[in-house]
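Report on the structure given below.
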Amino acid sequence: MARSWNKAAVVLCMDVGLAMSNSFPGEESPFELAKKVITMFVQRQVFAENKDEVALVLFGTDGTENALAGEDQYQNITVHRHLMRPDFDLLEDIESKIQPGSQQADFLDALIVCMDLIQKETLGKKFEKKHIEVFTDLSSPFSRDQLDIIIHNLKKSGISLQFFLPFPIVKKGGTGDRGDGSLLLDDHGPSFPPKGITEQQKEGIQMVKKVMMSLEGEDGLEEIYSFSESLRQLCVFKKMERHSMPWSCQLTIGSNLSIKIVAYKSITQEKVKKSWTVVDARTLKKEDIQKETVYCLNDDDETEVSKEDTIQGFRYGSDIIPFSKVDEEQMKYRSEGKCFSVLGFCRSSQVHMKYFMGNQVLKVFAAKDDEAAAVALSSLIHALDELDMVAVVRYAYDQRTNPQVGVAFPLIKDTYECLVYIQLPFMEDLRQYMFSSLKNNRKCTPTEAQLSAVDALIDSMSLVQKDEEEGTIEDLFPTSKIPNPQFQRLFQCLLHRALHPQEPLPPIQQHILSMLDPPTEVTAKGQVPVSKIKTLFPLTEVIKKKNQVTGQDLFQDNHQLINHIEQFLDTNETLYFMKSMDCIKAFREEAIQFSEEQRFNNFLKALREKVEIKQLNHFWEIVVHDGVTLITKDEVPGSSVTTEEAKKFLAPKENANTDTAAAFEEGGDVDDLLELI
Amino acid sequence: MSGWESYYKYQGDEEEEQEEGLEAGGDDSYSGRDSLIFLVDASRALFESQDEDELTPFDMSIQCIRSVYTNKIISSNRDLLAVVFYGTKKDKNSVNFKNIYILQELDNPGAKRVQELDKFKGQEGKKYFQDQIGHGSDYSLSEVLWVCANLFSDVQFKMSHKRIMLFTNEDDPHGDDSAKASRARTKAGDLRDTGIFLDLMHLKKRGGFDISLFYRDIIVAEDEDIGIHFEESSKLEDLLRKVRAKETRKRVFYWLKLKLNKDVALTVGIYNMVQKAYRPSPVRLYCETNEPVKTKTRTFNVNTGSLLLPSDTKRSQIYGHRQIVLEKEETEELKWFDEPGLILIGFKLLMMLKKHHYLRPSLFVYPEESLINGSSTLFSALLTKCLEKEVLAVCRYAPRQNTPPCFVALVPQEEELDDQKIQLAPPGFQLIFLPYADDKRKVPFTEKVMANSEQVDKMKAIVQKLRFKYRSDSFKNPVLQQHFRNMEALALDLMEPEQTVDLTLPKTEVMDKRLGSLVDEFKELVYPPDYNPEGKVTKRKQNDESSGSKRPKVELSEEELKAHVSKGTLGKLTVPALKEACRMYGLKGGLKKQELLDVLTEHFQKA
């Protein structure tokens with residue numbers, strides 16, 4: 001989704017001044033934390049391969065290097081890197097080149113340098129967003145002379161601003177669902193206790209607040225973050241937000257009423273963008289590897305047929321019906337094109353969340369700059385809301401896509417209102433399973449004591465903080481603010497391997513792991529009730545019984561297993577060879593465990609014959625390599641096979657086979673050789 | 001992999017690689033096929049309707065069986081089905097028992113068999129039955145069950161599930177012959193011992209069907225505790241629902257530990273109750289004989305021609321000019337966070353669950369005793385208390401090794417039965433996926449313009465006029481239906497496929513009629529007189545279409561491409577243009593834009 005119209009220019013403005021290196025024993029310094037946050041940010045930029053450009057400005061450096069620097073002006077501020085696409089060099093710099101300085105510099109001066117840089121370097125280029133992110137502990141003195149000019153210029157050039165500080169600040173009157181929870185969560189992250197703040201820092205905080213308030217009003221305070229907060233919630237970076245493409249259509253009710261709408265994807269599962277390319281292990285080139293697909297008949301010789309001699313067909317029960325692409329095109333279902341048509345309205349309770357389907361949530365608004373449409377849609381939104389009803393609609397993205405049936409329900413917020421569309425299942429998508437009742441089942445009815453233990457557990461492990469005075473509730477674990485750890489981990493590994501190709505992958509970073517754990521106070525409170533549950537509910541693990549049963553079932557009939565493995569081998573694909581090996585090894589283990597060595601040994605002998613007939617030397621090499629041989633006396637007393645025999649079983653024939661193959665390659669007469677054996 | 005999975009694939013193309021991980025656990029591939037015998041009482045009483053317009057019980061049974069056949073063709077065509085009549089005049093079975101007629105042996109459902117069933121439909125069907133098979137005067141249920149057991153044992157495939165559905169409206173078949181009755185009971189016991197389930201689909205009988213007279217001892221329920229006994233069916237719809245409820249076997253997705261903390265855990269089964277059904281993927285046939293061909297894929301080294309083992313390859317990604325190489329195992333390993341399981345984080349209020357934070361289809365959670373004894377009791381206590389306190393449990397969910405965790409809400413669900421005692425909702429937890437921050441997108445919303453109460457009230461009137469009761473199974477997928485109708489028509493050599501009704505289309509005429517003048521009144525209230533709500537959008541739509549189809553093919557010169565590469569603006573080109581460019585230079589790229597970009601960039605940088 002990286003589109004040029006959605007390009008951003010970001011200046012990272014980092015304080016490397018003297019005080020940034022101060023820390024309490026056993027804690028990371030603000031300098032290190034800021035570096036971590038910046039690394040995480042740049043990492044995502046590099047791996048997302050979007051078109052955003054990033055600059056890095058350091059202040060508090062020993063030297064000075066910036067366009068505005070004059071005799072006494074703008075000293076100790078260094079433009080480390082100009083605006084350009086972030087890359088590994090930048091990451092490498094952040095990891096090793098950026099060192100703490102011994103000076104201090106005015107953060108407002110640094111801000112001016114950043115603004116100057118952004119203005120000069122975006123000239124003639126199109127950026128949708130311009131953004132400055134300041135990382136500082138605010139310990140250096142600053143001059144407020146140019147404050148008005150700064151604010152005026154930021155506003156004029158549409159530059160947004162975010163501050164990252166080593167400590168959380170008190171955000172009075174912070175509303176909405178962002179922020180409230182994070183303040184509380186901050187208690188267990190490494191951070192300066194707000195009490196240890198110097199007078200200079202207090203002044204700095206006031207200044208930061210003032211700047212943010214004059215830029216964005218009350219909301220501006222929400223753009224001031226602590227380092228630890230941003231490590232946990234990378235989403236705090238304004239510019240990581242992704243915009244969706246608008247989809248314009250008309251909402252229709254019957255043939256005569258339509259409302260112009262525009263819809264956007266608001267939730268869809270974010271996937272890893274790049275897939276892995278298979279390369280040759282030695283040359284690391286993908287051109288050295290080729291994949292080939294052949295078609296062959298299901299006869300004994302597996303006669304190959306060319307792709308041109310095959311046609312497409314479909315199964316219809318036991319019948320297979322030839323059905324060419326042309327037939328298919330002619331007879332397929334034809335959609336009537338894009339639509340968002342109401343089929344009817346029903347009570348909202350009839351459309352349960354458990355039926356929600358598909359891979360996206362759409363937010364449906366009235367068309368832009370169309371007041372009539374906005375009023376019409378608003379009428380519908382409020383009518384549904386007041387009646388506690390929802391619309392069931394047919395939705396088709398365009399002529400080529402299949403139509404869906406889905407639900408559209410109202411969502412009313414302070415700043416906006418919309419319909420939310422989610423797909424519902426077709427009859428074919430549902431499975432009706434029945435489960436035994438738990439209520440009237442004597443075997444699993446809990447006692448009163450057991451019930452109250454569970455009751456206590458639920459109370460103690462509540463993730464909700466109630467404010468009785470204000471009548472509000474606070475979510476202590478807002479999962480939708482947590483970034484997907486999968487991406488962070490992938491980027492961490494990729495970066496590590498890029499910078500240190502010879503080293504093994506690094507362990508998962510602790511802050512990623514702790515992000516996934518419940519708040520420590522919740523876990524602590526749950527301890528006692530959980531141990532109560534442990535004493536009251538007898539829970540005994542059934543030791544592997546299930547596996548044994550399936551294991552026995554599985555290998556009861558070794559013909560079946562052989563067939564299975566044969567099928568695998570027929571594919572002549574190494575992947576399946578490996579699967580077969582897994583099967584065989586599992587079989588071997590089971591056989592030893594149940595003293596069924598004869599069964600396994602017979603099987604392996606039969607397999608060797610099969611492999612010979614089919615000339616699957618390659619597979620047999622794997623067997624030999626993995627040392628999977630007959631089960632010997634030493635393993636199971638009942639076996640008649642000695643270790644020696646077991647070794648032989650793998651060795652001689654294999655040699656003969658390779659000889660044959662080698663001779664064959666040299667054009668020798670196979671028949672002659674075979675006679676010799 | 002069994003038939004189910006191949007037809008219930010996760011959303012196509014780009015999603016495929018990711019979602020594959022969700023398909024059912026490994027044991028399914030060994031579990032064999034489900035088999036089901038429809039055992040239909042063909043005595044005279046089944047052919048009598050109590051009312052002129054009413055379907056006869058026999059007709060109902062046949063229609064119901066037909067529906068299972070066609071559903072199986074769509075959903076799981078490897079399963080085996082059979083139809084056996086008893087109480088017939090003619091007989092047809094391997095042991096020459098009287099009054100038992102095997103219409104169809106256990107085999108895959110197919111078009112021809114459906115066609116055969118159709119012959120028994122309606123008044124003509126009754127006559128056809130009487131001409132071809134006829135009613136008998138007597139039968140022995142123990143012999144009938146014997147024949148069924150033989151059908152199962154004649155099957156060569158491995159069967160995972162054996163079931164007989166008995167359709168009858170005679171509640172006391174051997175009332176006057178206690179010896180026969182006792183033999184039937186013994187035989188039913190034998191079936192139970194060999195793992196064959198017997199369900200009674202009892203049909204309406206004058207004066208009511210009394211299970212206690214005979215059938216209570218005969219039915220072999222899957223689970224003694226299930227505690228659900230259906231009412232007798234007098235309507236086809238009811239019978240269909242009962243058969244449907246029984247006809248699909250539960251398949252567990254995963255067995256997982258639900259951990260309350262490090263050392264207290266119970267086990268649960270995770271089930272999939274909604275999953276997108278797709279058109280089956282095509283098979284390749286040899287054009288001479290129409291037999292399916294096998295495909296073989298092999299990976300080999302271009303230079304030596306030798307086959308490659310997984311250890312002969314590595315995995316790579318290129319960023320900028322850097323190639324980053326990992327072992328295949330490492331690409332898996334970096335997805336590892338935790339052991340598979342559900343880890344309890346804590347509890348939240350039910351009302352805190354945001355409906356508009358939907359991520360992907362929910363799953364269902366039910367206790368599993370076979371791994372940890374006592375799981376059901378703890379589960380039941382959790383369920384009871386969560387329902388009572390109106391809370392949900394937030395858990396971290398990792399279904400298997402090397403699957404990164406995600407957060408889920410376990411929402412309690414109370415058992416719900418309908419008036420026929422068919423379970424509408426089973427007791428357990430719904431597992432609802434919660435989005436990560438990355439999954440949310442910022443939406444540029446339209447300025448809020450509120451409607452006034454008069455406008456809202458008028459819309460309320462419109463909404464009220466178009467009220468209906470939503471049922472999750474109300475809509476059939478028109479695309480799938482069309483596909484299968486086409487297949488059916490070709491299989492049976494019909495001239496035209498059977499017409500399907502597209503239920504997803506709005507019934508505009510009915511709607512317009514119901515709404516009457518309300519629409520115009522509403523429009524008058526909200527739209528200015530000269531406003532045309534269809535105006536601009538439709539125009540643009542037409543433009544879109546014409547530009548889409550007539551767009552000239554973009555062919556880029558080598559210079560242009562080189563310029564794009566060096567300026568790094570290759571990404572501005574569209575995917576079709578990039579594909580075309582790759583084709584021109586004989587480059588093999590993937591389907592994703594990024595992969596195409598990489599291939600082209602690499603090509604020109606080398607040149």
Side-chain angles (χ1 to χ4, degrees), chain A residues 235 241 254-258 264 270 276 279 293 295 310-313 316-319 321 331 333 341 344-346 350 354 356 365 374-376 378-379 382-383 394 402 405 416 420 425-428 433-436 438 444 446 454 461 463 479 483-484 486 493 518 522 530 537-540, chain B residues 73 77 108-110 226 250 261 277 282 284-285 287 293 297 315-316 334 345-346 356 358 373-374 376-378 380-381 385 404 407 423 426-427 430 434 436-438 442-443 445-446 449 451 455-456 459-460 463 468 470 473 475 477 479 482 486-487 490-491 504 506 508 511-512 519 526 533:
Chain A
C235 50
E241 287 159 358
S255 64
N256 205 10
L257 177 54
S258 51
Y264 300 90
E270 190 67 22
W276 294 98
V279 296
T293 306
Y295 300 94
T310 64
I311 45 168
Q312 180 184 272
Y316 182 76
S318 50
D319 310 295
I321 292 137
M331 290 173 78
Y333 174 84
S341 309
F345 299 96
C346 68
Q350 284 167 2
K354 69 177 173 186
F356 288 178
F365 298 93
V375 173
S378 174
S379 316
H382 287 273
R394 171 189 159 105
N402 295 334
V405 169
Y416 68 93
V420 173
F426 287 118
M427 187 265 275
E428 294 90 338
Y433 292 157
M434 289 203 305
F435 292 84
S436 306
L438 292 171
C444 63
V454 170
M461 289 186 74
L463 296 169
T479 52
N484 190 339
Q486 180 186 4
C493 291
V522 175
V530 172
F537 289 88
L539 292 164
T540 46
Chain B
I73 285 174
N77 60 28
N108 309 121
I226 204 151
K250 285 197 292 259
N261 72 1
R284 293 229 67 92
L285 309 173
C287 61
V293 295
T297 321
R315 301 293 178 272
S316 129
L334 59 80
I345 304 283
H356 58 281
Y358 161 81
N373 254 321
S376 303
T377 314
L378 180 49
S380 175
K385 279 293 166 185
F407 290 105
Q423 200 174 47
Q430 294 151 18
L434 303 172
Y436 277 120
D438 312 73
K442 178 118 180 178
V443 166
F445 51 80
T446 314
V449 186
Q455 293 160 333
V456 173
M459 185 50 94
K460 276 191 191 168
V463 169
F468 78 113
Y470 173 79
D473 57 359
F475 300 98
N477 183 343
V479 179
Q482 180 73 51
N486 289 344
M487 291 302 113
L490 290 168
T504 69
T508 38
M511 289 169 84
D512 290 347
V519 167
V526 295

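Quick note: numbers below take in every heavy atom, side chains included, and nothing from hydrogens, waters or symmetry partners. Naming: A, B, ... by sequence-line order, numbering from 1 per chain.
For the options B/N261, B/V463, B/D473, heavy-atom pairs under 4.5 Å to chain A are most numerous at B/V463. Counting heavy-atom pairs closer than 4.5 Å to chain B, the top residue among A/D319, A/L438, A/V420 is A/L438. Listed options B/N108, B/T504, B/V449 were ranked by heavy-atom pairs under 4.5 angstrom with chain A; first place goes to B/T504. Per-residue counts of heavy-atom pairs under 4.5 Å with chain A were compared for B/A381, B/A491, B/G374, B/P404; the largest is that of B/A381. Counting heavy-atom pairs under 4.5 Å between each of A/S341, A/A374, A/P446 and chain B puts A/P446 at the top. Ranked by heavy-atom pairs shorter than 4.5 Å toward chain B, the options A/G254, A/G313, A/G344 are led by A/G313. Heavy-atom pairs under 4.5 Å with chain A peak, among B/P426, B/G346, B/S376, B/S316, at B/S316. Ranked by heavy-atom pairs under 4.5 Å with chain A, the list B/V479, B/V519, B/L490 is led by B/V479.
For A/V530, the parts lying under 4.5 angstrom from a heavy atom of chain B are both the backbone and the side chain. Heavy atoms of B/M511 lying under 4.5 Å from chain A belong exclusively to its side chain. Using a 4.5 Å cut-off between heavy atoms, A/F537 contacts chain B through its side chain alone, with no backbone atom that close. For B/Q430, the part lying under 4.5 angstrom from a heavy atom of chain A is the side chain only. Interface residue A/V522: only side-chain heavy atoms are found under 4.5 Å from chain B. The parts of A/T540 that come within reach of chain B are both its backbone and its side chain, each placing non-hydrogen atoms under 4.5 angstrom from that chain. Interface residue A/P425: backbone and side-chain heavy atoms are both found under 4.5 Å from chain B. Contacts between B/L378 and chain A at a heavy-atom distance below 4.5 Å involve backbone atoms as well as side-chain atoms.
Remark: side-chain polar atoms of B/D438 are not paired, donor with acceptor, to backbone N or O of A/E270 under 3.5 angstrom. Side chain of A/N484 to main chain of B/Y436: no donor-acceptor pair is present (N/O by atom type, distance under 3.5 Å, no hydrogens or angles). In terms of modelled atom types and a separation under 3.5 Å, the side chain of A/Q350 and the main chain of B/Y470 share a donor-acceptor contact. Judged purely by atom type and a 3.5 angstrom limit, B/N477 has no side-chain atom pairing as donor or acceptor with the backbone of A/F426.
Looking at every heavy atom in both residues, A/S379 comes nearest to B/V526 through OG-CG1, 3.9 Å. The two residues A/S258 and B/P533 make their nearest non-hydrogen contact at O-CB, 3.3 Å. Shown here for A/Y316 and B/M487, the closest heavy-atom pair between the two residues is CD1-CB, 3.4 Å. Listed here is the closest heavy atom pair of B/Q423 and A/Y433: OE1-O, 4.1 Å. Between A/A383 and B/V456, the shortest heavy-atom distance links the atoms N-CG1, 3.7 Å. The nearest pair of heavy atoms linking A/V375 to B/A451 is O-CB, 3.6 Å.
When side chains are defined from C-beta on, B/V443 counts as touching A/F365, because their heavy atoms get closer than 4.5 Å.
A distance of 8.0 Å separates CD1 of B/I345 from CE of A/M461, quoted to the nearest 0.5 Å. Atom NE2 of residue A/H382 and atom CD of residue B/Q455 lie 10.5 Å apart, to the nearest 0.5 angstrom.
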